[in-house]
Amino acid sequence: MPDADSTPQFNTAEYAGQPAPDHCHYCQQTIGARYYRVNNRMACPTCTEKAALAVPTDTHAAFMRALLFGAGAAVAGLALYAAVEIATGWIIGYVSLGVGWMVGKAMMAGSKGQGGRRYQIAAGLLTYAAVSMAIIPVVYSHAAQQRQARHQQIEPPASPDGGSQPEQLRSRPQMNFFATLGRLAFLGLASPFLELQDGIQGLLGLFILSIGIRIAWKITAGISSSGIIGPFAPAPPAST
């Protein structure tokens, strides 16, 4: 890695074929007899020790807090995605990018900076669930609008006791509510793939969703002890 100060030094000889010395990515000091890699970046022993001390301890409590914060962000992202679609009437897949960012940042806030593979998997699943399940409030909103339109066109017959509907008709939707919700949940989770029937639009939506999941995945990677490897010895200079 070349030195940050590229000003020519006229009091020393420079040779065209001589390689520049390696430098620490963090403090920019020249690498000595050994170096480490912190998240695939060259680091001197001093900076490596600081990075190791800065790694938060991964505990069950930290992971559960991350899940709680991430679930809250997923619910907020679901509401945002559904609200945009209901308000505009268009499926704007780019909102999934923001959902992935929200979930990733929320999980890192809950874990206080701790990341890792299980955090990444959870963030990806929460992002997918938030975007795909947004179809449920959208479907209910459209169904409510259709019921309201039919109600305005046809007034339901009054019941003998003066009510607008018989008691058995009013209780029937409540009996099928959980079954309907279960079907909607299944269709919601499968909706990104079912929309592939729409051709290019469905394929583009699934692609954008994958980018949103990748955003959440990268944010929750964190700095773990497994990201610190070494020590290594610098390569000897090539003979001339």
Side-chain angles (χ1 to χ4, degrees), residues 1-67 69-70 73 77 94 96-128 206-240:
M1 185 179 297
D3 193 353
D5 186 5
S6 58
T7 304
Q9 302 295 324
F10 296 101
N11 59 346
T12 58
E14 295 184 359
Y15 300 94
Q18 183 177 359
D22 293 319
H23 292 76
C24 174
H25 175 81
Y26 301 94
C27 67
Q28 299 301 318
Q29 296 296 321
T30 303
I31 294 297
R34 57 181 180 144
Y35 70 92
Y36 295 79
R37 288 200 171 273
V38 179
N39 285 352
N40 293 325
R41 293 172 177 172
M42 184 175 290
C44 65
T46 301
C47 292
T48 301
E49 184 178 357
K50 292 179 180 179
L53 293 175
V55 175
T57 303
D58 187 10
T59 62
H60 179 71
F63 182 64
M64 295 307 296
R65 283 197 310 269
L67 285 181
F69 279 52
Y94 291 102
S96 61
L97 304 181
V99 176
W101 182 87
M102 291 168 57
V103 171
K105 287 295 185 180
M107 290 191 64
M108 292 300 288
S111 67
K112 298 182 180 179
Q114 174 62 44
R117 185 53 53 87
R118 61 174 179 171
Y119 293 86
Q120 292 176 303
I121 294 174
L125 292 176
L126 286 173
T127 301
Y128 179 86
L206 185 60
F207 175 72
I208 297 174
L209 174 56
S210 68
I211 297 178
I213 294 174
R214 181 172 178 79
I215 291 174
W217 182 277
K218 292 182 66 175
I219 292 175
T220 51
I223 300 178
S224 61
S225 57
S226 60
I228 301 176
I229 56 177
F232 303 99
S239 59
T240 58

Phe232 and Tyr35 aromatic ring geometry - parallel, tilted or perpendicular at 30°/60° bounds: tilted
All side-chain contact (heavy atoms from CB on, under 4.5 Å) counterparts of Ile211, not counting sequence neighbours: Leu97, Phe207, Ile215
Approximate separation, where rounding is to 0.5 Å, of Met107 CE and Gln120 CD: 9.5 Å
Residues which pass side-chain contact (heavy atoms from CB on, under 4.5 Å) with Ala216, listed by chain and number, not counting sequence neighbours: Ala123, Thr127
Worked check of side chain to side chain contact (heavy atoms under 4.5 Å, CB included) between His23 and Gln29: CA-CA 5 Å; His23 292 76; Gln29 296 296 321; over 6 Å; no
Listed partners of Tyr128 passing side-chain hydrogen bond (donor to acceptor under 3.5 Å, both in side chains), at least two apart: none
With sequence neighbours excluded, residues passing side-chain contact (heavy atoms from CB on, under 4.5 Å) with Tyr26: Cys24, Val38, Arg41, Ala43, Cys47
Reported CD1-to-CD1 distance for the pair Ile213 and Ile208, which is rounded to 0.5 angstrom: 12.5 Å
Distance, nearest 0.5 Å, that separates CG of Asp22 from CE of Met42: 4.0 Å
Nearest heavy atoms of His25 and Gln28, plus distance in Å: O-NE2, 3.1 Å
Residue list, side-chain contact (heavy atoms from CB on, under 4.5 Å) with Thr59, at least two apart or on another chain: Thr57, Ala61, Ala62
More than 12 heavy atoms of other groups within 6.0 Å of Arg118 CZ: yes
Rounded distance [0.5 Å steps], CZ in Phe69 versus CE in Met108: 13.0 Å
Between Arg34 and Tyr36, a side-chain donor and acceptor under 3.5 Å: yes
Distance (rounded to the nearest 0.5 Å) between Trp217 CH2 and Ile121 CD1: 5.0 Å
With sequence neighbours excluded, residues passing side-chain hydrogen bond (donor to acceptor under 3.5 Å, both in side chains) with Arg214: none
